[in-house]
Amino acid sequence: MTAKIAYDDVEVGTELPARSFPVTRATLVQYAGASGDFNPIHWNERFAKEVGLPDVIAHGMFTMAEAIRVVTDWTGDPGAVVEYGVRFTKPVVVPDDDKGAVIEVTGKVAAKLDDRKVRVDLTVTSAGQKVLGMSRAVVQLA
């Protein structure tokens, strides 16, 4: 596959479609099963609070994966992402209710690079707080 977005069709400042990703306790259990990360801070409220967290928190790698979906959906090709990195700034707290939490992601082209690549900067928040910092992807465009 190749990216469906052409390098010549984007400029610095081009905004990617924003996305919201709901996260419930069930989502965390499913992710734990898929990833093998059964750390109790991701499913046991009592344990999470005993270690100083406000409640159960989403897996950092899960949060990272949800955020990059904005880029892969935009390009139409997950393989177009050639670099991706973040800093974990705040946890995504997932309450035990019918609503859970929501991860909000926006992105924009921050730089046009050589070889038909662009750098996309993402803003990732939950409950009004930035949960990922320095969230950046380098993407190979068509």
Side-chain angles (χ1 to χ4, degrees), residues 1-45 47-49 51-142:
M1 292 182 72
T2 59
K4 295 177 180 163
I5 304 294
Y7 180 83
D8 295 333
D9 292 341
V10 300
E11 299 297 331
V12 170
T14 298
E15 293 187 14
L16 283 61
R19 295 277 312 267
S20 297
F21 301 100
V23 185
T24 64
R25 296 281 177 96
T27 309
L28 300 181
V29 170
Q30 292 166 340
Y31 182 81
S35 69
D37 182 351
F38 293 100
N39 187 322
I41 64 173
H42 304 302
W43 57 269
N44 184 316
E45 185 174 332
F47 183 84
K49 288 181 176 181
V51 298
L53 295 168
D55 207 332
V56 165
I57 63 170
H59 302 72
M61 296 303 283
F62 171 81
T63 304
M64 225 178 134
E66 291 291 77
I68 198 65
R69 287 176 60 190
V70 167
V71 177
T72 60
D73 288 352
W74 176 65
T75 64
D77 179 11
V81 177
V82 295
E83 290 179 34
Y84 178 45
V86 306
R87 287 192 182 149
F88 299 103
T89 56
K90 298 269 185 196
V92 174
V93 178
V94 183
D96 188 16
D97 59 19
D98 293 335
K99 296 179 184 175
V102 177
I103 300 169
E104 304 281 350
V105 185
T106 61
K108 68 179 174 178
V109 175
K112 292 186 84 168
L113 310 172
D114 294 335
D115 299 325
R116 305 186 75 72
K117 294 177 185 168
V118 296
R119 189 186 86 217
V120 175
D121 290 356
L122 299 171
T123 301
V124 185
T125 61
S126 183
Q129 294 193 325
K130 196 173 200 180
V131 295
L132 297 179
M134 299 294 290
S135 185
R136 296 179 171 172
V138 174
V139 184
Q140 180 73 60
L141 297 181

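A side-chain donor-acceptor contact under 3.5 Å links Arg25 to the backbone of Val94. Without hydrogens or angle criteria, Thr89 side chain to Val131 main chain gives a donor-acceptor distance under 3.5 Å. Side chain of Tyr84 to main chain of Met64: a donor-acceptor pair is present (N/O by atom type, distance under 3.5 Å, no hydrogens or angles). The closest donor-acceptor contact from the side chain of Ser135 to the backbone of Leu132 lies at 3.5 Å or more, if one exists at all. Asp37 places a side-chain N or O within donor-acceptor distance of the main-chain N or O of Asn39, the cut-off being under 3.5 Å. Judged purely by atom type and a 3.5 angstrom limit, Arg19 has no side-chain atom pairing as donor or acceptor with the backbone of Val105. Of the possible polar contacts, one joining the Gln140 side chain to the Asp115 backbone as a donor-acceptor pair under 3.5 Å is found. A side-chain donor-acceptor contact under 3.5 Å links Asp97 to the backbone of Lys99. Proximity of a side-chain donor or acceptor of Trp43 to a complementary backbone N or O of Val56 within less than 3.5 Å is not detected.
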For Ile103 and Val124: C-alpha separation, side-chain torsions, deciding distance, then whether side chain to side chain contact (heavy atoms under 4.5 Å, CB included) applies. CA-CA 7 Å; Ile103 300 169; Val124 185; 3.7 Å; yes
Run the side chain to side chain contact (heavy atoms under 4.5 Å, CB included) check on Thr72 and Val81 step by step: do they pass? CA-CA 7 Å; Thr72 60; Val81 177; 4.0 Å; yes
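Put simply, the side chain of Phe62 reaches to within 4.5 Å of the side chain of Thr27, judged on heavy atoms. Looking at Thr106 and Val70, their side chains never come closer than 4.5 Å, going by heavy atoms from C-beta outward. Residues Ile5 and Val10 meet the side-chain proximity criterion, which asks for heavy atoms closer than 4.5 Å. For the pair Val139 and Leu141, the minimum side-chain heavy-atom distance is below 4.5 Å.
A side-chain donor from one of Ser20 and Glu104 sits under 3.5 Å from a side-chain acceptor of the other.
A salt bridge between Lys108 and Asp121 is absent, with no side-chain N of the basic residue lying under 4.0 Å from a carboxylate O of the acidic one.
A cation-pi geometry, defined here as NZ or CZ lying under 6.0 Å from the six-membered ring centre and within 45° of its normal, holds between Lys112 and Tyr7.
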